[in-house]
Amino acid sequence: MKILVENIFFHKIGGISRDGRKFLDIFEELGIEILSLPNYELKGKFFEKVEMLKSCVSLFRREVRVPFDLYWQQQVAPQFFSTRNQRISIPIVRVHDLFPLTNREWFTFWGNLYFRIGWRNARKDSFFICNSNSTRAVLLSLAPELESRSTVIHCPSDYLSLAPMGNCNCQGCESDIISPYYIAVGTIEPRKNYSELIRSFNLARSRNNRINLVIVGRYGWKQSKIYNLLKSKNKPENLIYIEDCCDWSLKSLIRNSIAFVSPSLDEGFNISAVEARNLRVPLLLSDIAVHRELHTGNAHFFEISEIDQIWSVRSDDLFRADSNFEDHPEQDVHKMKEIIDRLTLSKQEGGAR
């Protein structure tokens, strides 16, 4: 059996995403041959928008000459290949979140258009693998008919804890950060709610000038004001921004922090919070569905309106390792095999009719 993956969905700056790597490992474990289409080279925002527009209006279709049985999308997006290829393959979509459908204001016009066209196409015949029960609940609230065509396989949780020791020239490795500090990790984009985090921290800092806040993450979209502040030489001394960070450096930064802070307005999974918990770091998390689903032992949950109170929470009171979520790679391999066997049988029966 052969599976086609789009490199554009797997490859991030610096390599394959953690979640992408997990599924590549699952496919290899099952003995499935992995095919990939060449990834285009990103030449800037304008070029990226042109590619997205071409995909949305079906001006860009690829005829894949090598036969394949499954087509894997690492996010909801318009399909890039020809009608013939769509007809002979089974599409599987990884669902990280559905925020362009539920919270359009968090995304750009192009991002919303791209996702919505992908959603319209995918829901017709795709199988959806959600990254959490919370994400699947949203999926079914939007399309109840997908209950029989969806399941949950969580994101990986132990990648960072297994990252080997090392040293490089990234900003994270070169930064000399004075403890104590809190840390927040994630792309600079609206739903991460960094503006409120920074406001609240500056207030806390006025009462205790010994603490620091480290924010790690590349720029995403619609947050130029926050990004410019973080990059500014005139930003508060206690606010440290690290844009470029290798896995080893990130692991060290999280492990040495007072607590991991996430004031997100919503999340599909929040892999950084799970990795922080596995590094035995206390968590200060916004009270949203997926945080409640994945964390119980060492987390303090707060309403966004009460964020100013989190800086007085004692980390010692949070340091308990118990949790209601654990990653089980062997079970995920077995589940994926069952999914593929079921989809293949259904395809064969459909072709026979």
Exercise. Ser175 side chain to Gln171 main-chain N or O, any donor-acceptor pair under 3.5 Å?
Worked result: yes
Exercise. Hey, does the side chain of Ser150 reach the backbone of Leu146 with a donor-acceptor pair shorter than 3.5 angstrom?
Worked result: yes
Exercise. So Lys192 and Glu189, salt bridge (charged side-chain N to carboxylate O under 4.0 Å, His left out) or not? Walk me through it.
Worked result: CA-CA 6 Å; Lys192 296 297 184 179; Glu189 47 108 335; 5.1 Å; no
Exercise. Hey, are the side chains of Asp97 and Asp266 touching, using non-hydrogen atoms and a 4.5 Å cut-off?
Worked result: no
Problem set entry | Interatomic distance, Arg94 atom CZ to Asn131 atom CG [nearest 0.5 angstrom] | 5.0 Å
Seminar exercise, completed: Here the pair of heavy atoms bringing Asp308 nearest to Arg199 is OD1-NH2, 2.7 Å
For this session: Begin from the C-alpha positions of Val274 and Leu294 and carry the test side chain to side chain contact (heavy atoms under 4.5 Å, CB included) through to its verdict.
Result: CA-CA 8 Å; Val274 175; Leu294 301 178; 4.1 Å; yes
For this session: Please name the pair of heavy atoms, one in Phe302 and one in Pro263, separated by the smallest distance, quoted to 0.1 Å.
Result: CZ-CA, 3.9 Å
For this session: Take Trp311 and Gln309 through the test side chain to side chain donor-acceptor pair (under 3.5 Å) and record every step on the way to the result.
Result: CA-CA 6 Å; Trp311 313 106; Gln309 302 173 20; over 6 Å; no
Problem set entry | Salt bridge flag under 4.0 Å for residues Glu243 and Lys231 | yes
For this session: Mind checking the CG-CG spacing from Leu265 to Asn103? Nearest 0.5 Å is all I need.
Result: 8.0 Å
Exercise. What do the steps show when you test Lys222 against Glu105 for salt bridge (charged side-chain N to carboxylate O under 4.0 Å, His left out), and what is the final call?
Worked result: CA-CA 10 Å; Lys222 294 185 72 171; Glu105 68 277 10; over 6 Å; no
For this session: Check Leu70, Asp69, Ile3 against Ile90 for a side chain to side chain contact (heavy atoms under 4.5 Å, CB included) and give me the one that passes.
Result: Leu70
Exercise. Under a single-linkage definition using a 4.5 Å side-chain heavy-atom cutoff for Ile, Leu, Val, Met, Phe, Trp and Tyr, are Leu142 and Leu139 assigned to the same hydrophobic cluster?
Worked result: yes
Problem set entry | Student check: side-chain heavy atoms of Phe115 and Leu98 closer than 4.5 Å | yes
For this session: Walk me through it: do Val214 and Ile242 pass the test side chain to side chain contact (heavy atoms under 4.5 Å, CB included)?
Result: CA-CA 7 Å; Val214 177; Ile242 298 177; 4.1 Å; yes
Exercise. Under 4.0 Å between a Lys/Arg side-chain N and an Asp/Glu carboxylate O for Glu338 and Lys335?
Worked result: no
Exercise. Looking at side-chain heavy atoms only, is the closest gap between Phe127 and Arg342 below 4.5 Å?
Worked result: yes
For this session: Would you mind reporting whether Ile117 and Asn121 have side-chain heavy atoms less than 4.5 Å apart?
Result: yes
Exercise. Can you name the closest pair of heavy atoms from Asn278 and Ser157 and give their distance?
Worked result: ND2-O, 2.7 Å
For this session: Check whether any side-chain N or O of Ser257 sits under 3.5 Å from a backbone N or O of Ile254 as a donor-acceptor pair, and report yes or no.
Result: yes
Problem set entry | Pairwise side-chain contact, Val152 with Phe128, heavy-atom cut-off 4.5 Å (strictly under) | no
Exercise. Quick one: does Ser161's side chain get under 4.5 Å of Asp158's, heavy atoms only?
Worked result: yes
Exercise. Can you tell if the side chain of Pro190 reaches within under 4.5 Å of the side chain of Trp221, non-hydrogen atoms only?
Worked result: yes
Problem set entry | Contact summary for Ser17 and Gln74, nearest pair of heavy atoms | OG-NE2, 4.4 Å
Exercise. According to a 4.5 Å side-chain heavy-atom criterion applied to Ile, Leu, Val, Met, Phe, Trp and Tyr, with indirect links allowed, do Val281 and Ile177 form part of one hydrophobic cluster?
Worked result: yes
For this session: Check the pair His96, Thr135 against side chain to side chain contact (heavy atoms under 4.5 Å, CB included), reporting the backbone distance first and the verdict last.
Result: CA-CA 7 Å; His96 295 275; Thr135 297; over 6 Å; no
For this session: Find the distance between CG (Leu343) and CD1 (Ile92) and round it off to the nearest 0.5 Å.
Result: 5.5 Å
Problem set entry | Ion pair Arg191/Glu267, N-O distance below 4.0 Å | yes
Exercise. Got a sec: does the NE2 of His328 have more than 12 other heavy atoms crowding it under 6.0 Å?
Worked result: yes
Seminar exercise, completed: All heavy atoms of Cys245 vs all of Leu250, minimum pair found to be SG-N, 3.4 Å
Problem set entry | Ser262 OG to Leu283 CG distance, which is reported to the nearest 0.5 Å | 9.0 Å
Problem set entry | CD/Glu147: more than 12 non-hydrogen atoms of other groups inside 6.0 Å | no
For this session: Drop me the distance from Ile198's CD1 to Leu230's CG, to the nearest 0.5 angstrom.
Result: 4.5 Å
Exercise. Do side-chain atoms of Gln73 reach the backbone of Ala77 as a donor and acceptor pair under 3.5 angstrom?
Worked result: yes
Exercise. Sub-3.5 Å donor-acceptor pair from the side chain of Arg136 to the main-chain atoms of Ile129, do we have one?
Worked result: no
Problem set entry | Short side-chain to backbone donor-acceptor contact, Asn112 and Thr108, under 3.5 Å | yes
Problem set entry | Arg149 and Asp125 ion-paired at < 4.0 Å | no
For this session: Evaluate side chain to side chain contact (heavy atoms under 4.5 Å, CB included) for Ser206 paired with Asn202, printing each intermediate quantity in order.
Result: CA-CA 6 Å; Ser206 68; Asn202 284 335; over 6 Å; no
Exercise. Can you check whether Ile271 reaches Asp19 side chain to side chain, under 4.5 Å on heavy atoms?
Worked result: no
Exercise. Which residue, Ile32, Asp332, Leu30, forms the side chain to side chain contact (heavy atoms under 4.5 Å, CB included) with Lys337?
Worked result: Leu30
Exercise. Does Tyr159 have Arg21 sitting over its ring (NZ/CZ under 6.0 Å from centre, angle to axis within 45°)?
Worked result: no
For this session: Over 60° means perpendicular and under 30° means parallel, so classify the ring planes of Tyr227 and Tyr219, tilted if in between.
Result: tilted
For this session: Please lay out, stage by stage, how Asn193 and Ser264 fare under the test side chain to side chain donor-acceptor pair (under 3.5 Å).
Result: CA-CA 5 Å; Asn193 206 18; Ser264 292; over 6 Å; no
Exercise. Okay, side chain of Ser132, backbone of Gly268: is any donor-acceptor separation there less than 3.5 Å?
Worked result: yes
Exercise. Any idea how Phe27 and Trp72 line up, ring-wise: parallel (<30°), tilted (30 to 60°), or perpendicular (>60°)?
Worked result: perpendicular
For this session: Would you check if the side chain of Glu293 reaches a backbone N or O of Asn133 as a donor-acceptor pair within less than 3.5 Å?
Result: yes
For this session: Verify the cluster assignment for Leu203 and Tyr181: are they in a single hydrophobic cluster under the rule of side-chain heavy atoms below 4.5 Å apart?
Result: no
Problem set entry | Ion pair Asp247/Arg18, N-O distance below 4.0 Å | yes
Problem set entry | Among Leu285, Ile288, Leu284, side chain to side chain contact (heavy atoms under 4.5 Å, CB included) partner for Phe301 | Leu285
For this session: State the CG-OG distance between Asn256 and Ser252, to the nearest 0.5 angstrom.
Result: 4.5 Å
Exercise. Where is the tightest heavy-atom contact between His295 and Arg277, given as atom of each residue plus distance?
Worked result: ND1-NH1, 3.6 Å
